[in-house]
Amino acid sequence: MKFFPLPKSSLLKKSRDYKRVYQQGKRLQGRNYSIILTPNNVDTNRLGISIHGQVKGAVRRNRTKRIIREFYRLNQTFPQKGICSGTVENCSEDDLPKMDIIFTVRKGFDLKNPIEITQSVEDLFKKNDLFKSFFKSD
RNA sequence: UGGAGCGGGCGCAUGAUCGCUCCGAUUCAAAUCGGAGAGGAAAGUCCGGACACCACAGGGCAGGGUGGUUCGUAACGCGAACCGGGGGCAACCCCGGGAAAGUGCCACAGAAAAUAUACCGCCCGCCUCAGGCGGGUAAGGGUGAAAAGGCGAGGUAAGAGCUCACCGCUUUCAUGAUGACAUGAAAGGCAUGGUAAACCCCACCAGGUGCAAGACCAAAUAGGGAAACGUUUGAGGACUGCCCGUCCAAUGUUUCCGGGUAGGUUGCAGGAGGUGCCGGGCGACCGGUGUCCCAGAUAAAUGAUCAUGGUUCGCUUUCGGCGAAUACAGAAUCCGGCUUACAGCUCGCUCCAUUUU
RNA sequence: CGGGACGUAGCGCAGUCUGGUAGCGCACCUGAAUGGGGUUCAGGGGGUCGGAAGUUCAAAUCUUCUCGUCCCGA
């Protein structure tokens, strides 16, 4: 069994970090959720989770957050992996920069375990060629 | 056996693997090991306190809250017991100051909605063809949510507390109770419609703001104060009329000081604490003693996966098998209440009906 | 964490303080006017007053609880 620790340094903490990602990041729209990505200058990926207040009930919000975090714990390099899976070009996961990720959830989100989220996110990356938009635009 | 009332409890369990937060130990550190990790409502934020800061000579008004009595409590709008009224066959449940201090309101209907009054009536008198006029009366009809004590007898032209008995009401007295109040007696002779979750009156209560309170440490940037050393001037002021010089001023550098933002630390987990036993009390609760330490996050920890087993439902139906479901809901300074939400399981006491003995 | 406001016809709002009749504009329907449409005029329909209890003879209105939406302060 492999170890997948998730310390707090792998989470976004500050309001200005969130603002930077919202302003500079690339957005992927899923079903009642979206993922925002931007490269950072730290040597790890960092995750932030934002759940809309219309998701009623603190229990439901907390549970959604924990499931997303569990998904991230098991797939900490999913942005790099996803970008490579979405392009036809030559791509190595280790050459890509580390990312800041924000996972935003809206009303109607109904994925109930990490496996469903993994499948949904993989499908999402395959539909979008992020490699091009990040590194070929200039 | 069925129905009902009241008061409690539990609210999935066990194991494995991978994670998260805090505490303790080892340790330079990294890390390792050990321990702990959501609720009965953590919720709504409706009350009350603790704690903190601010304000404050004393008193009052306005505005707000509470509302039978006596206890309990740190305190309460909470709880207990009792009192009175109402509902229920019953267990039991619900309600609670003042309407004979004052003001307002009571639609429509109705003669009249509180100063009393008279539509249909009843009775008497006069005029008189039907009927009309004047007076007496409020028992009956009618209206309305509500109609001026109820009911019976006497009384009367017809009636009326006009008189009387009983009930109710008011006042006074006596007895009992800490008290709400209860019981009894006498007198009055009907005066007192409802509404205070209308204004109001009476009694009692209360400074304000809230842990993002408050305390401490403290970048960057801008600006403030002080000191030292320089610089500039045919722009200014003072010593002095002029020059030099000095001081102020302007400006630069350095150092120091104070406030203080981001950020960090603390407040922040031993408490009106839980629980066993003993004692006091009808009870709420209180006292003594033993024992336990029981979440502490901050873009905010308490999770994921798998296995086995409960419980409930559906299908199948011989054991059994398969599938589904497993409530309401997540700590944010803490505590005492209230209110609201809640799948299902379960315990105790009591009442009613039926059956058997 | 603390404070405040709102919910009434399909839509936007009065009425709530001071309890008895729910009203206005737009929209909708019918008719008139026009060759037809628009404008205009006349008439009409449509509301569990967010929900539940309570006070009262009577509640959109008063009281309590509750649901939803929005806003403000830190």
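Chain letters run A, B, ... following the sequence lines, proteins first, then strands; residues in each count from 1. These values consider heavy atoms only, across backbone and side chains, with no hydrogens, waters or symmetry-generated copies. Fair warning: this is a prediction, and the values are worked out from it, not measured in the lab.
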Using the [atom1] atom as the reference point in each nucleotide, state the distance between [N] and [M] in Å, no decimals.
N	M	atom1	value
B:rG39	B:rG330	P	14 Å
B:rG135	B:rC173	P	49 Å
B:rU350	B:rA325	C1'	37 Å
C:rG15	C:rA33	C1'	37 Å
B:rC268	B:rA206	P	28 Å
B:rU261	B:rG230	C1'	34 Å
B:rA343	B:rU312	C1'	9 Å
B:rC199	C:rC62	P	12 Å

Paired with [N]: which nucleotide, if any, by Watson-Crick or G-U wobble criteria at under 3.5 Å for both distances?
N	answer
C:rG31	C:rC41
B:rU291	B:rG274
B:rC56	none
B:rU163	B:rA153
B:rG303	B:rC18
B:rC122	B:rG136
B:rU73	none
C:rC13	C:rG23

Can you check the [X] [atom1] to [N] [atom2] distance for me, whole Å?
X	N	atom1	atom2	value
A:Leu11	B:rA301	CG	C1'	11 Å
A:Leu47	B:rG19	CG	P	18 Å
A:Asp17	B:rU298	CG	P	16 Å
A:Glu70	B:rU17	CD	C1'	12 Å
A:Arg60	B:rG330	CZ	P	10 Å
A:Phe71	B:rG19	CZ	P	18 Å
A:Asn62	B:rC328	CG	P	16 Å
A:Asn113	B:rC306	CG	P	8 Å

With the side chain defined as heavy atoms from C-beta on, A:Val59 is closest, among B:rA329, B:rG303, B:rU305, to B:rA329
Taking only side-chain nitrogens and oxygens of A:Arg69, does any of them come within less than 4.0 Å of OP1 or OP2 of B:rU302?
yes
Is [N] syn or anti, taking syn as a glycosidic angle within 90° of 0?
N	value
B:rC294	syn
B:rG40	syn
C:rA42	anti
B:rG161	syn

Looking only at heavy atoms, what is the nearest atom pair of [X] and [Y], with distance?
X	Y	answer
A:Ile117	A:Ile68	CD1-CG1, 4.1 Å
A:Arg46	A:Asn40	NE-ND2, 3.8 Å
A:Pro39	A:Arg20	O-NH1, 3.7 Å

Look at the aromatic rings of A:Tyr33 and A:Phe103 and report parallel, tilted or perpendicular, splitting at 30° and 60°.
parallel
Whether A:Ser120 side chain and A:Glu116 backbone form a donor-acceptor pair below 3.5 Å:
no
Using a 3.5 Å distance criterion without hydrogens, assess whether the side chain of A:Gln80 forms a donor-acceptor pair with backbone atoms of A:Pro97.
yes
For side-chain contact (heavy atoms from CB on, under 4.5 Å), just list the numbers for A:Leu47 and A:Gln76, CA-CA rounded to whole Å, side-chain angles, deciding distance to a tenth of an Å, and then say yes or no.
CA-CA 9 Å; A:Leu47 175 73; A:Gln76 290 193 37; over 6 Å; no
Separation of A:His52 NE2 from A:Thr64 OG1 (nearest 0.5 Å)
14.0 Å
Does A:Arg73 contact B:rC18 through a side-chain donor or acceptor facing the base, at a distance under 3.5 Å?
yes
By nearest heavy atom, map A:Ile49 and A:Arg63 onto RNA chain B; which one lands nearer the 5' end?
A:Ile49
Want to settle it: does A:Leu12 or A:Ala58 sit nearer the 5' end of RNA chain B, counting the closest nucleotide to each?
A:Leu12
Are A:Thr44 and A:Ser10 close enough that a side-chain donor and a side-chain acceptor fall under 3.5 Å?
no
For A:Arg69, what residues pass the salt bridge (Lys or Arg N to Asp or Glu O under 4.0 Å) criterion, not counting sequence neighbours?
none
What does the list of N/O pairs under 3.5 Å between the protein and nucleotides 29-31 of chain B look like, with a distance for each?
none

